[in-house]
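Fair warning: this is a prediction, and the values are worked out from it, not measured in the lab. Heads up: numbering here begins at 1 and tracks the sequence.
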Amino acid sequence: MVRTSFLLAILAASAASQTFDVASVKRISLPPPRGGLKREITPTGVSLHTATIGNLLEWAYGMTIYQVVGPNWLNWPTDAAYDVDAKTSTPTTEAVLKRMLQALLQERFQLQFHRETRDTVIYALVTAKGGPKMRKSTSTGEPKIRWTESFGTVYERMPMAQFAFSLERPFQPRHVADETGLTGTFDFTLDLAQYLLDPVTGEVEKDSIGRLDEAGALIRALPQQIGLALQRKTVPMEVLVIDHLEKNPTAN
C-alpha cells in the first residue's frame, strides 16, 4: 500500500510538472497580419502566432483540421485567432511540449473533448473519364510548385499523394485523398483564371461567403485540364469532438 501510494505521488508530480513555466495566450485583432500562421518550436518553448484553435489543436494533438469536430469558428474564415508564446526553463522533447500545450489549452480555453469514429465526408482524387492528361516527369529532383501572375500553378515532378495534399487548403476542413492509382511523378499546369474571373468584367468571382471560390474552380478545372476529378465520398474516421470550448482565453 505504501509503495502504491508513493508511485501514485510520483506520477501526479510528473503530470503536474508538465506545464510551461511562462505562457501568454492572447486573442489578436483582425484582420490578421499578412503571412498567415507563424510557428516556432524549440526545446524550451512553443510560439504560434496568428493561429486558429484548429492550428493549435493540430499541433498539440496531432489531429488535422478535418479530424476535429467543433464550432464553425475553429478555422479560417474566423474572427478568432491567437498568439501563443509559452516557455519552459528546462529543454525537453517535442512530445512533452505537445502535452504542455494540451494542458495549456484545457486550462486557458476550458477545452473538453472526447474521441470517436464517425462517418466523415472527404474528397477522393480520381482519374476522370478519358484518363489523365499529364506528362510523366523526365527530370529528377524534389517536387516543385511555382505560381504564375494570374491564378496559374506549375507542378514539376509531382507525386499524386503530394498533389492531393496540396489541394486540401481550399477544401478545408475536408480531407483530399489520392485514389488515382497513378505511380511516379508528373509535370502539369493548372490555370484557374477562366474559372475565377468574370469573362465580361474581369473581376474575381467569389463564393457564398465572399471568399475567392478556388474550390469551385478546381472542381471544374481538374477534369478539363489534367484529366483528374474530385469525388465526394464518406469514410469512417477517428475524430476529436469538442464538448466545450471558450472563445476568449482566461487572462495571462
Check your understanding: Can you hop from Val126 to Leu182 via hydrophobic side chains spaced under 4.5 Å?
Key -> no
Exercise for review: Would you indicate whether the side-chain heavy atoms of Leu245 and Trp73 approach each other to under 4.5 Å?
Suggested key: yes
Review point. Is the NZ atom of Lys144 crowded by more than 12 outside heavy atoms at less than 6.0 Å?
Key: no
Revision key, fill the gap. Here the gap from Ile28 atom CD1 to Leu30 atom CG, rounded to the nearest 0.5 Å, amounts to 6.0 Å
Check your understanding: Is the distance between the ring centroids of Tyr66 and Tyr123 less than 6.0 Å?
Key -> no
**Study point:** Gap separating the OG1 atom of Thr153 from the CG atom of Asp191, nearest 0.5 angstrom
**Key:** 8.5 Å
Review point. Distance from Leu97 atom CG to Lys87 atom NZ, nearest 0.5 Å?
Key: 10.0 Å
Exercise for review: Could you point out which residue of Arg220, Lys133, Gln194, Met134 forms a side-chain contact (heavy atoms from CB on, under 4.5 Å) with Gln225?
Suggested key: Gln194
Check your understanding: Are Val96 and Val22 linked, directly or through other ILVMFWY residues, by side chains that come within less than 4.5 angstrom of each other?
Key -> no
Check your understanding: Do the non-hydrogen side-chain atoms of Val69 and Leu240 ever get within less than 4.5 Å of each other?
Key -> no
Practice item. Please report the C-alpha distance between Gln112 and Gln106 in whole Å, then the side-chain angles of each, then the deciding distance to 0.1 Å, and finally whether the side-chain contact (heavy atoms from CB on, under 4.5 Å) criterion is met. Key: CA-CA 7 Å; Gln112 298 175 25; Gln106 292 168 28; over 6 Å; no
Point to revise | Heavy-atom side-chain proximity of Thr185 to Pro143 below 4.5 angstrom | key: no
Practice item. Compare every heavy atom of Leu228 with every heavy atom of Met160, then report the nearest pair and how far apart it is. Key: SD-CD1, 3.8 Å
**Study point:** Lys/Arg N to Asp/Glu carboxylate O, Lys247 vs Asp79, below 4.0 Å
**Key:** yes
Point to revise | Side-chain heavy atoms of Val235 within contact of Lys233, under 4.5 Å | key: yes
Check your understanding: Taking atom types as modelled, is there a side-chain donor on Asp21 or Ser89 under 3.5 Å from an acceptor on the other?
Key -> yes
Point to revise | Heavy-atom closest pair, residues Pro170 and Leu218 | key: CG-CD1, 3.7 Å
Check your understanding: Hey, does the side chain of Gln102 reach the backbone of Ala60 with a donor-acceptor pair shorter than 3.5 angstrom?
Key -> yes
Check your understanding: Out of curiosity, does Leu192 fall in the hydrophobic cluster containing Leu197 (side-chain heavy atoms, cut-off under 4.5 Å, transitive links)?
Key -> yes
Check your understanding: Are any of the side-chain heavy atoms of Leu125 and Glu179 separated by less than 4.5 Å?
Key -> no
Exercise for review: Please report the C-alpha distance between Tyr195 and Asp213 in whole Å, then the side-chain angles of each, then the deciding distance to 0.1 Å, and finally whether the side-chain contact (heavy atoms from CB on, under 4.5 Å) criterion is met.
Suggested key: CA-CA 9 Å; Tyr195 311 95; Asp213 190 13; over 6 Å; no
Practice item. Give a yes or no on whether the backbone of Val25 and the side-chain of Asp85 come within a donor-acceptor separation of less than 3.5 Å. Key: no
**Study point:** Heavy atoms of other groups near Phe165 CZ, more than 12 under 6.0 Å
**Key:** no
Exercise for review: Decide yes or no on side-chain contact (heavy atoms from CB on, under 4.5 Å) for Asp83 and Leu48, but give the supporting numbers first.
Suggested key: CA-CA 6 Å; Asp83 286 346; Leu48 294 110; over 6 Å; no
Revision key, fill the gap. For Ala177 and Ala164 the tightest heavy-atom approach is C-CB, 4.2 Å
Point to revise | Contact check, side chains of Thr52 and Leu74, non-hydrogen atoms, under 4.5 Å | key: no
Review point. What pairs meet the ring pair (Phe, Tyr, Trp, His ring centres under 6.0 Å) rule with one or both residues in residues 226-252, with sequence neighbours excluded?
Key: none
Exercise for review: Grab the two heavy atoms, one from Thr117 and one from Pro236, that are nearest each other, plus how far apart they are.
Suggested key: CG2-CB, 4.1 Å
Point to revise | Lys/Arg-Asp/Glu bridge criterion (N-O < 4.0 Å) met for Arg118, Glu116 | key: yes
Practice item. Decide yes or no for Phe163 and Ile145: does some side-chain heavy atom of the first lie under 4.5 Å from some side-chain heavy atom of the second? Key: no
Exercise for review: Report yes or no: does Lys98 contribute a side-chain atom to a donor-acceptor pair with the main-chain N or O of Trp59 at less than 3.5 Å?
Suggested key: yes
Exercise for review: Decide whether Arg157 and Ser137 meet the rule of one side-chain donor and one side-chain acceptor closer than 3.5 Å.
Suggested key: no
Review point. If you round to the nearest 0.5 Å, how far is CG of Leu37 from CD of Glu58?
Key: 9.0 Å
Practice item. Verify, without hydrogens or angle tests, whether Glu156 (side chain) and Asp187 (backbone) share a donor-acceptor contact under 3.5 angstrom. Key: no
**Study point:** Atom pair OG1 (Thr120) and NE2 (His175), whose distance is rounded to the nearest 0.5 Å
**Key:** 10.5 Å
Point to revise | Minimal non-hydrogen separation, Ile242 against Gly70, with atom names | key: CB-CA, 4.3 Å
Review point. Is it true that Arg108 and Glu246 have a side-chain N and a carboxylate O under 4.0 angstrom from each other?
Key: no
**Study point:** More than 12 heavy atoms from other groups under 6.0 Å of NZ on Lys26
**Key:** no
Exercise for review: Mind listing the closest non-hydrogen atom pair of Trp76 and Ala81 along with its distance?
Suggested key: CH2-CB, 3.7 Å
**Study point:** Interatomic distance, Leu56 atom CG to Phe109 atom CZ [nearest 0.5 angstrom]
**Key:** 6.5 Å
Review point. Between Tyr155 and Phe186, does the ring centroid distance fall short of 6.0 Å?
Key: no
**Study point:** side-chain contact (heavy atoms from CB on, under 4.5 Å) between Arg232 and Ile122, worked out
**Key:** CA-CA 6 Å; Arg232 285 171 64 98; Ile122 70 166; over 6 Å; no
Check your understanding: Are Met63 and Leu104 in one and the same hydrophobic cluster, where Ile, Leu, Val, Met, Phe, Trp and Tyr link if side-chain heavy atoms are under 4.5 Å apart?
Key -> yes
Practice item. Report whether Leu111 and Val239 are members of the same hydrophobic cluster (ILVMFWY, side-chain heavy atoms less than 4.5 Å apart, transitive linking). Key: no
Check your understanding: With a 4.5 Å limit on heavy-atom distance, are the side chains of Leu190 and Ile226 in contact?
Key -> yes
**Study point:** Centroid-centroid distance, Tyr61 to Phe113, less than 6.0 Å
**Key:** yes
Point to revise | Pair Ser47, Arg39: side-chain N/O donor-acceptor within cut-off below 3.5 Å | key: no
